[in-house]
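This one's a predicted model, so the numbers in the text were calculated from it and none came from an experiment. Proteins get letters first, then strands, A, B, ... in listed order; numbering begins at 1 in each.
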Number of protein chains: 2
Amino acid sequence: MTIRDVAAQAGVSVATVSKVLNDRYGVAAATVDRVRGVIEELGYESSLVARSLRNHRTGVIGVLVWDIEPYSAEVLKGAARAVRETPYELVVYAAGGKGDGRMGWEGRYLSRLSGTLVDGAVLVTPTVQTAPGTVPVVAVDPHTGGGSVPTVASDNLHGARLATDHLLGLGHRRIGFLGRPPRDLESGPQRERGYRDALDAAGVPFDPQLVLAGGYGDTDLQNAARTLLTLPDRPTAIFAANDVSAIATVEVARTLGIDVPGALSVVGFDNVPESALCRPPLTTVEQPLQLMGQRAVEMLVALLAEETPEEPHVQLPTRLVVRDSTAPPNPRP
Amino acid sequence: MTIRDVAAQAGVSVATVSKVLNDRYGVAAATVDRVRGVIEELGYESSLVARSLRNHRTGVIGVLVWDIEPYSAEVLKGAARAVRETPYELVVYAAGGKGDGRMGWEGRYLSRLSGTLVDGAVLVTPTVQTAPGTVPVVAVDPHTGGGSVPTVASDNLHGARLATDHLLGLGHRRIGFLGRPPRDLESGPQRERGYRDALDAAGVPFDPQLVLAGGYGDTDLQNAARTLLTLPDRPTAIFAANDVSAIATVEVARTLGIDVPGALSVVGFDNVPESALCRPPLTTVEQPLQLMGQRAVEMLVALLAEETPEEPHVQLPTRLVVRDSTAPPNPRP
DNA sequence: ATGAAAGCGCTAACAG
DNA sequence: CTGTTAGCGCTTTCAT
């Protein structure tokens with residue numbers, strides 16, 4: 001079913017059909033009607049692909065994600081919400097773990113799509129390595145500080161500060177920090193910075209023993225948590241720089257017979273809604289994931305309209321959601 | 001950055017570059033190396049669009065959703081998980097509310113994409129109206145019984161039975177049913193059927209007064225719930241055929257001063273993870289949303305491989321998740 | 001008002 | 001082994 005079928009059926013040339021399709025001038029009213037009729041009758045739809053190959057503009061915003069999991073799904077919801085307010089449509093491109101592990105896959109995918117399938121893109125991929133010169137791009141929460149590409153991130157520094165202040169406010173003095181893996185360049189240090197700032201402000205001495213790097217696998221995480229919790233003078237609270245580590249911490253605590261929240265307070269970061277379902281309910285620093293997706297699309301749309309390029313690096317506020325994992329009785333003095 | 005730039009830079013014809021790109025026979029090793037080098041150097045990626053326009057096969061599975069919201073997001077997670085196991089990539093196409101409200105938009109979008117952008121599609125859209133003859137398609141939970149297209153749905157009948165049995169087991173005899181809007185052709189009646197079957201099996205007489213249709217807007221929903229709850233001999237329990245209605249019911253009960261679960265048990269259907277966060281925690285019939293997405297992709301892949309077409313209509317089991325909204329003390333006799 | 005023709009980036013026959 | 005050619009479905013001059 002192509003434009004030629006329509007043309008043949010209507011007894012006109014493809015050029016004429018194309019004009020009708022795009023509401024161009026220079027077609028007799030009667031012809032327009034006839035062609036419209038045939039289109040309706042045949043249920044014809046023009047091919048997005050062929051059209052964009054010609055046009056180099058598609059009315060589509062692309063979102064590139066490494067995979068669709070709880071985190072990116074939240075961002076996608078926000079992006080979809082923002083797109084609703086615009087004339088654009090949304091295409092999510094999920095590499096589905098097929099990115100070879102090689103960094104820079106997003107750049108390659110981007111160039112596969114850009115100019116042809118999407119007018120601009122939102123990148124929800126930890127490592128943004130884009131060769132510029134393609135379409136407008138906005139990165140969401142890049143771990144390796146977006147460089148020259150506009151980004152939307154959450155306020156990691158302040159979030160970590162909130163979390164640590166909360167624990168300090170509960171009376172804790174020995175607070176462990178379970179960090180991100182070293183490869184995560186951007187948000188990890190910011191969160192540790194917030195942690196240390198809070199300590200400093202409260203006049204609590206910094207103990208390097210209480211800071212651990214975490215890791216990627218489950219075992220790495222659990223080992224790190226175990227190390228922290230089996231310290232001679234073990235921490236009475238732990239701030240985990242992402243919620244996977246926080247949950248691992250809670251589990252390790254259980255196996256060690258340490259009661260949460262009775263004998264240990266735990267706060268997580270990097271909240272996806274699912275972590276609210278954790279038992280005991282986890283106190284977390286909540287990132288506005290949906291909002292990040294939404295703002296990213298809004299920025300992209302502004303870019304596409306060539307409006308004032310807006311602030312290139314947006315930081316969205318985080319907030320502390322207190323749940324049972326830091327409930328009294330606590331702390332141990 | 002096109003194939004011609006590469007060809008020019010490498011001093012060969014585009015045809016040769018194309019051959020290198022696709023690992024075709026008949027290119028001298030030295031030439032292959034040189035072309036590969038140029039490709040690397042220029043960071044060239046072939047255009048997915050141009051390629052698929054030629055090839056009519058893309059290695060991409062499309063998922064069409066009306067919008068990305070909690071429900072479809074769950075399905076997407078499952079689809080993404082399934083795609084990981086395959087050589088395909090995933091493209092989600094979100095109409096973003098732009099579907100005119102006219103039914104059949106999915107068919108139109110499908111034909112815009114099919115044969116060119118996607119090799120097959122999963123439709124996550126209430127009303128599946130596909131003119132066949134395009135690409136292979138699997139529908140997820142279509143409200144209007146998929147007809148000839150293969151579908152993945154959840155076992156609405158059994159789920160409703162479970163919910164009602166649960167309430168009966170609690171001792172309830174006057175159980176209201178807050179149905180889906182009439183337009184929802186498939187799942188609505190199935191859920192009502194399960195409700196009535198359970199009643200019959202328990203020897204509880206069916207009271208038409210206790211069955212209401214619900215509606216689309218918030219007010220419709222609340223009015224329906226209010227009607228049910230202000231009946232002279234009002235129900236002691238309500239089975240709501242989707243979780244939005246269930247939450248509305250809980251809210252209306254509160255405004256009427258009816259304690260949930262003290263004086264009223266509520267069970268919902270159509271669970272998205274978010275409903276676990278409802279206060280009080282909602283007892284729901286949980287649909288395996290992620291699994292549905294996963295199975296849909298698996299079926300589609302089988303279809304694309306032209307394997308045995310498998311069972312065309314898969315029903316996945318639902319399960320009852322009991323939470324506080326049906327906790328004792330209950331029922332009122 | 002209409003259509004013939006060129007070409008978007010790419011691939012596949014076919015010649016050379 | 002390499003290049004020329006035709007054409008995927010569509011839009012757009014430019015003639016007619």
Chemist: The criterion is side chain to side chain contact (heavy atoms under 4.5 Å, CB included); which residues satisfy it with Val49(B), sequence neighbours excluded?
Modeler: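 For Val49(B), the residues satisfying side chain to side chain contact (heavy atoms under 4.5 Å, CB included) (neighbours in sequence not counted) are Val49(A), Ser52(A), Leu53(A), Thr116(A), Leu117(A), Ser47(B).
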Chemist: Residues in side-chain hydrogen bond (donor to acceptor under 3.5 Å, both in side chains) with Lys77(A), at least two apart?
Modeler: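 Here the qualifying residues are Glu74(A), Glu274(B).
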Chemist: Ile3(B) or Val14(A): which one's nearest nucleotide on DNA chain C is closer to the 5' end?
Modeler: Val14(A)
Chemist: Restricting to non-hydrogen atoms, name the atom on Val35(A) and the atom on Val6(A) that form the minimum distance, rounded to 0.1 Å.
Modeler: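 What the structure gives for the nearest pair is CG1-CG1, 4.4 Å.
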Chemist: Kindly write out the residues that satisfy side chain to side chain contact (heavy atoms under 4.5 Å, CB included) with Arg54(B), not counting sequence neighbours, or none if the list is empty.
Modeler: none
Chemist: Not counting sequence neighbours, which residues clear side chain to side chain contact (heavy atoms under 4.5 Å, CB included) with Ala15(A)? List them please.
Modeler: Ser13(A)
Chemist: To the nearest 0.5 Å, how far apart are CZ in Arg51(A) and CD in Glu45(A)?
Modeler: 8.5 Å
Chemist: Under 4.0 Å, heavy atoms only, any strand: does Thr2(A) hit a base, just the sugar-phosphate, or nothing?
Modeler: sugar-phosphate
Chemist: Check every nucleotide of DNA chain D for an atom under 4.0 Å from a heavy-atom of chain B, then give the first and the last such nucleotide from 5' to 3'.
Modeler: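 First and last nucleotides in contact are dC1(D) to dG9(D).
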Chemist: For the side-chain contact (heavy atoms from CB on, under 4.5 Å) test, which of Leu300(B), Val149(B), Val118(B), Ile61(B) pairs with Pro136(B)?
Modeler: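 Per the side-chain contact (heavy atoms from CB on, under 4.5 Å) rule, the option paired with Pro136(B) is Leu300(B), out of Leu300(B), Val149(B), Val118(B), Ile61(B).
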Chemist: How bent is the helix from dA1(C)-dT16(D) to dG16(C)-dC1(D), comparing axes over its five end pairs at each side, to the nearest 10°?
Modeler: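 About 50° separates the two local helix axes.
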Chemist: Holding to side chain to side chain contact (heavy atoms under 4.5 Å, CB included), I want the full list of residues that pass it with Gln315(B), two or more places apart in sequence or in another chain.
Modeler: Asp155(B), Gln190(B)
Chemist: For the residue pair Asp119(B) and Tyr88(B), what are the closest heavy atoms and their distance?
Modeler: OD2-CE2, 3.7 Å
Chemist: Applying side-chain hydrogen bond (donor to acceptor under 3.5 Å, both in side chains), name anything that partners Arg24(B), two or more places apart in sequence or on another chain.
Modeler: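 In terms of side-chain hydrogen bond (donor to acceptor under 3.5 Å, both in side chains), with neighbours along the sequence ignored, Arg24(B) is linked to no residue.
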Chemist: Partners of Glu69(B) by side-chain hydrogen bond (donor to acceptor under 3.5 Å, both in side chains), sequence neighbours excluded?
Modeler: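 Per chain and number, Glu69(B) pairs via side-chain hydrogen bond (donor to acceptor under 3.5 Å, both in side chains) with Ser72(B).
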Chemist: Which part of the nucleic acid, if any, lies within reach of Ser47(A) when heavy atoms closer than 4.0 Å are counted: base, sugar-phosphate only, or nothing?
Modeler: sugar-phosphate
Chemist: Using a cut-off of 4.0 Å on non-hydrogen atoms, how would the nucleic acid contact of Val49(A) be classed: base, sugar-phosphate, or nothing?
Modeler: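 Counting heavy atoms under 4.0 Å across all strands, no contact is made by Val49(A).
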Chemist: At 4.0 Å (heavy atoms only), tell me whether Arg54(B) reaches a base, stays on the sugar-phosphate, or touches nothing.
Modeler: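 Contact class for Arg54(B): base.
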Chemist: Which residue, Val91(A), Leu90(A), Val92(A), forms the side-chain contact (heavy atoms from CB on, under 4.5 Å) with Tyr93(B)?
Modeler: Val91(A)
Chemist: Want to settle it: does Arg4(A) or Ser18(A) sit nearer the 5' end of DNA chain D, counting the closest nucleotide to each?
Modeler: Arg4(A)
Chemist: By a strict heavy-atom criterion of less than 4.0 Å, which residues belonging to residues 19-28 of chain A are in contact with DNA chain C?
Modeler: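 Lys19(A), Gly26(A), Val27(A), Ala28(A) - these, ordered by number, are the residues of the stretch whose heavy atoms sit under 4.0 Å from the strand.
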Chemist: Who pairs with Tyr71(A) by side-chain hydrogen bond (donor to acceptor under 3.5 Å, both in side chains), at least two apart in sequence or on another chain?
Modeler: Asp141(A)
Chemist: Which two nucleotides bound the region of DNA chain C that has atoms under 4.0 Å from heavy atoms of chain A, read 5' to 3'?
Modeler: dA1(C) to dG9(C)
Chemist: Mapping Gly11(B) and Val17(A) onto DNA chain D by nearest heavy atom, which one lands closer to the 5' end?
Modeler: Gly11(B)
